[in-house]
Amino acid sequence: NGEDAITFYIQKSSEFATTDVTHEIQKVLDEAANTKEGLQFTILFNQGDYIDQSIGNVTTNLIYGAILAVVVLLLFLKSLRATGIVALSIPISLMFAIVMIYFSGITLNIVSMGGLALGIGMLVDNSIVVIENIYRLRSEGASKKEAAMEGAKQVSGAITASTITTISVFVPVMFIEGFIKEIFLQMALTIIFSLTASLVISLTLVPAISAKVMEKKKSKADEESRFKIIYQDALMLAMRFKALVLLIVLGLFGLSI
């Protein structure tokens, strides 16, 4: 506002969390403003606010992920127990990832929280694949224990390969040098931890709980999902007009370029 002022830029050291530092600075500023008459402060940029916002986004994504998992499972499986198992795997996988982040020496900043937000969207994928296969075996007459063991075993290779494929995308980041590595390495490691947690939970906790609580499907004919029928018809139509499907895909590919 045209008045003389002194500008301070405070840079934290790597062993401290940004939010802790910004909160302590805020306390000092408030104390100085109350004790020194006429002293005024204006914060131009506070990275701690962005980190707090990122934490809020992670929480929001966690809630959305849980809601979407509930909706999908209820539509296709019509099972409250299966829904509860997947819903339980979300916070446990998240805590697993956070513990790994802590022991890796990564602080909660914009980059790491952004990686965690991306990873949360994929936490439920593996669990849904496992629980659906277990539920299918139960509907075919298998016992709870047999369905849990065989259901997880049958899809273990597929979800492991899928998870490793996604993780491998971030491996080259570890070989980048300089400042870019400092930024993207934390995000890459956070996503890797999240996906690893999802895989471990889906192959251990999900079948273990399913072996105890998974109920048997009453009537396969009566429970047939309308969405499955629609998808089956669409798939048959696509198989009948394969050339048209390929042309549409090529057109979409060209538009994306």
How long is the gap from [atom1] on [X] to [atom2] on [Y], to the nearest 0.5 Å?
| X | Y | atom1 | atom2 | value |
| --- | --- | --- | --- | --- |
| Ile134 | Glu146 | CD1 | CD | 12.0 Å |
| Ile209 | Ile201 | CD1 | CD1 | 9.0 Å |
| Ser168 | Ile164 | OG | CD1 | 8.5 Å |
| Lys27 | Asp30 | NZ | CG | 10.0 Å |
| Ser156 | Asn126 | OG | CG | 11.0 Å |
| Asp233 | Met236 | CG | CE | 8.5 Å |

Can you find a pair of side-chain heavy atoms, one from [X] and one from [Y], that are under 4.5 Å apart?
| X | Y | answer |
| --- | --- | --- |
| Phe193 | Ile101 | yes |
| Arg138 | Lys144 | yes |
| Leu189 | Met100 | no |
| Asn46 | Asp49 | yes |
| Ile131 | Ser210 | yes |
| Gln154 | Arg136 | yes |

Are [X] and [Y] connected in the hydrophobic side-chain network, where two residues link if heavy atoms are under 4.5 Å apart?
| X | Y | value |
| --- | --- | --- |
| Leu185 | Ile98 | yes |
| Leu195 | Val173 | yes |
| Leu205 | Ile128 | yes |
| Leu29 | Leu39 | yes |
| Leu94 | Tyr102 | no |

Nearest heavy atoms of [X] and [Y], plus distance in Å:
| X | Y | result |
| --- | --- | --- |
| Phe16 | Val21 | CB-CG2, 4.0 Å |
| Thr160 | Leu199 | OG1-CD1, 3.8 Å |
| Ala152 | Leu203 | O-CD2, 4.0 Å |
| Pro207 | Val130 | CD-CG1, 4.4 Å |
| Leu137 | Ala147 | CD1-O, 3.7 Å |
| Ser89 | Val206 | CB-CG2, 4.3 Å |

Donor-acceptor check, side chain of [X] to backbone of [Y], threshold 3.5 angstrom: yes or no?
| X | Y | value |
| --- | --- | --- |
| Ser162 | Ala158 | no |
| Thr22 | Thr19 | yes |
| Lys36 | Ala33 | no |

| message | Among residues at least two apart in sequence or on other chains, which ones pass side-chain hydrogen bond (donor to acceptor under 3.5 Å, both in side chains) with Ser93? | response |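 Testing Ser93 for side-chain hydrogen bond (donor to acceptor under 3.5 Å, both in side chains), a comparison that skips the adjacent residues, returns none.
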| query | Going by distance alone, is a donor N or O of one side chain under 3.5 Å from an acceptor N or O of the other, for Asp125 and Ser198? | reply |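 No, no side-chain donor-acceptor pair sits under 3.5 Å.
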| query | For Leu244, which residues count as a side-chain contact (heavy atoms from CB on, under 4.5 Å) partner, sequence neighbours excluded? | reply |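 Listed in chain order: Phe241, Ile248.
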| said: Tell me whether Ile6 at atom CD1 has more than 12 heavy atoms from other residues, nucleotides or ligands lying less than 6.0 Å away. | reply: no
| task | Inspect the surroundings of CZ in Phe41 and state if more than 12 heavy atoms from other residues, nucleotides or ligands are less than 6.0 Å away. | result | yes
| task | Could you walk me through whether Ile191 and Phe170 pass side chain to side chain contact (heavy atoms under 4.5 Å, CB included), step by step? | result | CA-CA 9 Å; Ile191 295 175; Phe170 300 97; 3.6 Å; yes
| task | Please step through side chain to side chain contact (heavy atoms under 4.5 Å, CB included) for the pair Glu24 and Val28, ending with a clear verdict. | result | CA-CA 6 Å; Glu24 290 298 323; Val28 173; 5.7 Å; no
| task | For a side-chain contact (heavy atoms from CB on, under 4.5 Å) with Leu88, tell me which candidate from Ile92, Ile85, Val86 qualifies. | result | Ile92
